[in-house]
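Reminder, nothing fancy here: chain letters follow the sequence lines and each chain counts from 1. Owing to the predicted nature of the structure, the values given are computational and were not obtained by experimental measurement.
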Protein chains: 2
Amino acid sequence: MRFSHQREIILEILKEARDHPTADIVLNRARKKIPNISFGTVYRNLNQLEESNLITSYNFDGAHHYDGNLSPHHHFYCNKCSTIIDLPIDDPIISHELIQKFDLSVEGIELSLYGHCSNCK
Amino acid sequence: MRFSHQREIILEILKEARDHPTADIVLNRARKKIPNISFGTVYRNLNQLEESNLITSYNFDGAHHYDGNLSPHHHFYCNKCSTIIDLPIDDPIISHELIQKFDLSVEGIELSLYGHCSNCK
DNA sequence: TCATAAGTAGGAATAATTCCTACTTATATA
DNA sequence: TATATAAGTAGGAATTATTCCTACTTATGA
């Protein structure tokens, strides 16, 4: 993967973002710096960046959300305002015995909590 | 929500399924019993059944998977053969302190593990 | 048994994502 | 530094999953 201005901008947007943007939101932000960047370019680069483990992504409500925060963390999704809150991991969340029982090699974990955040109670 | 033959068949398919089918797979199975059931009917009923808490669903790899197993469970997703394995929940998986700290009301939890299953090592 | 509101089939519309093509650019190397 | 070339891009077409629309059918309460 060689250097490209478009990819740098997209990576920068995700490193700065705190709101887990979808592809079309990334496109809107990128257009502020590269006015005629295309949807194809955004999708291609998001996929490449994810394959190279420079960003990550996950699904919520049928939409694909991208994240430049690579430190392992959980997510809380507010069912009312759609806010996504990053939750730190500081407890073991699944037992070693269970993994052994099913004979799995676990390469990634994604825990999602759904409900109402403090603003929406 | 009143009785319909189509909805009964779709619910039956999901109650019998052990493979977390997507909407198009549900359609294929339903066609064996109702040859000209339509995509619209399948989607409408999947949404209605989920709203009525008779089935549940979750996203993997961008695809929407439906599940008639309502007992709370985790999922393991094999990155190689795409098998999905149901994992029982028998440990607390997140601390009460963390929930209190962020002042969340948690209504649902979804934990997904990714990796290779015993067949694919 | 009948009125009617809910449900259906079939296909059109929409939205998210990928694909295609001709043009542009980063970069290895001569 | 010049240049060949493979990777990247813009713009738009194609694809895919899902929802919407319309005229017809059916479950159900009275």
Tell me which nucleotide among D/dA10, D/dT18, D/dG8 gets nearest to the side chain of A/Ser38.
D/dA10
Of B/Thr41 and B/Arg2, whose closest DNA chain D nucleotide lies nearer the 5' terminus?
B/Thr41
Result of checking A/Ile10, A/Ile13, A/Leu14 against A/Arg29 for side chain to side chain contact (heavy atoms under 4.5 Å, CB included)
A/Ile13
Please tell me which of the listed nucleotides, D/dT18, C/dA9, D/dT9, lies nearest to the side chain of B/Ile37?
C/dA9
Between C1' on D/dA27 and NE2 on B/His5, what's the gap in Å once rounded to a whole number?
14 Å
Does any N or O donor sit under 3.5 Å from an N or O acceptor when you compare the side chain of B/Arg44 with the base of C/dT8?
no
OP1 or OP2 of C/dA26 sitting under 4.0 Å from any side-chain N/O of A/Ser4?
no
If only side-chain N and O atoms count, and only distance matters, is there a donor-acceptor pair under 3.5 Å linking A/Glu50 with A/Ser57?
yes
Just call it for A/Phe3: base, sugar-phosphate, or nothing, with non-hydrogen atoms closer than 4.0 Å on any strand.
sugar-phosphate
Separation of B/Lys33 atom NZ from C/dT8 atom P, in whole Å?
16 Å
Separation of D/dA14 C1' from A/Phe39 CZ (nearest whole Å):
16 Å
Base, sugar-phosphate alone, or nothing: which one does B/Asn45 contact when heavy atoms must sit under 4.0 Å apart?
sugar-phosphate
Look only at the side chain of A/Arg7 and the backbone of A/Arg2, and say whether a donor-acceptor pair between them is shorter than 3.5 Å.
yes
Under 3.5 Å, side chain of A/His20 to main-chain N/O of A/His65, donor-acceptor pair present?
no
Counting only side-chain nitrogens and oxygens, does B/Gln6 get under 4.0 Å of the OP1 or OP2 atom of C/dA9?
yes
Would you mind reading off the distance between B/Leu27 atom CG and D/dT16 atom P, rounded to a whole angstrom?
16 Å
Rounded to whole angstroms, how far apart are CD1 on B/Ile34 and P on D/dT25?
17 Å
Report yes if a side-chain nitrogen or oxygen of B/Asn36 is closer than 4.0 Å to either non-bridging phosphate oxygen (OP1 or OP2) of C/dG10; otherwise report no.
yes
Integer-rounded Å distance: C/dG7 P and B/Ile9 CD1
17 Å
Side chain to side chain, B/Glu51 and B/Met1, heavy atoms closer than 4.5 Å
no
B/Met1 vs B/Arg31, nearer the 5' end of DNA chain C by closest nucleotide
B/Met1
To the nearest angstrom, how far is B/Glu8 atom CD from C/dG7 atom P?
12 Å
In whole angstroms, how far is the C1' atom of D/dA14 from the OH atom of A/Tyr43?
15 Å
Please determine, for the side chain of B/Gln48, which listed nucleotide (C/dG7, D/dA10, C/dG10) has the closest atom?
C/dG7
Considering just the side-chain nitrogens and oxygens of B/Asn47, establish if one lies under 4.0 Å of OP1 or OP2 belonging to D/dT18.
no
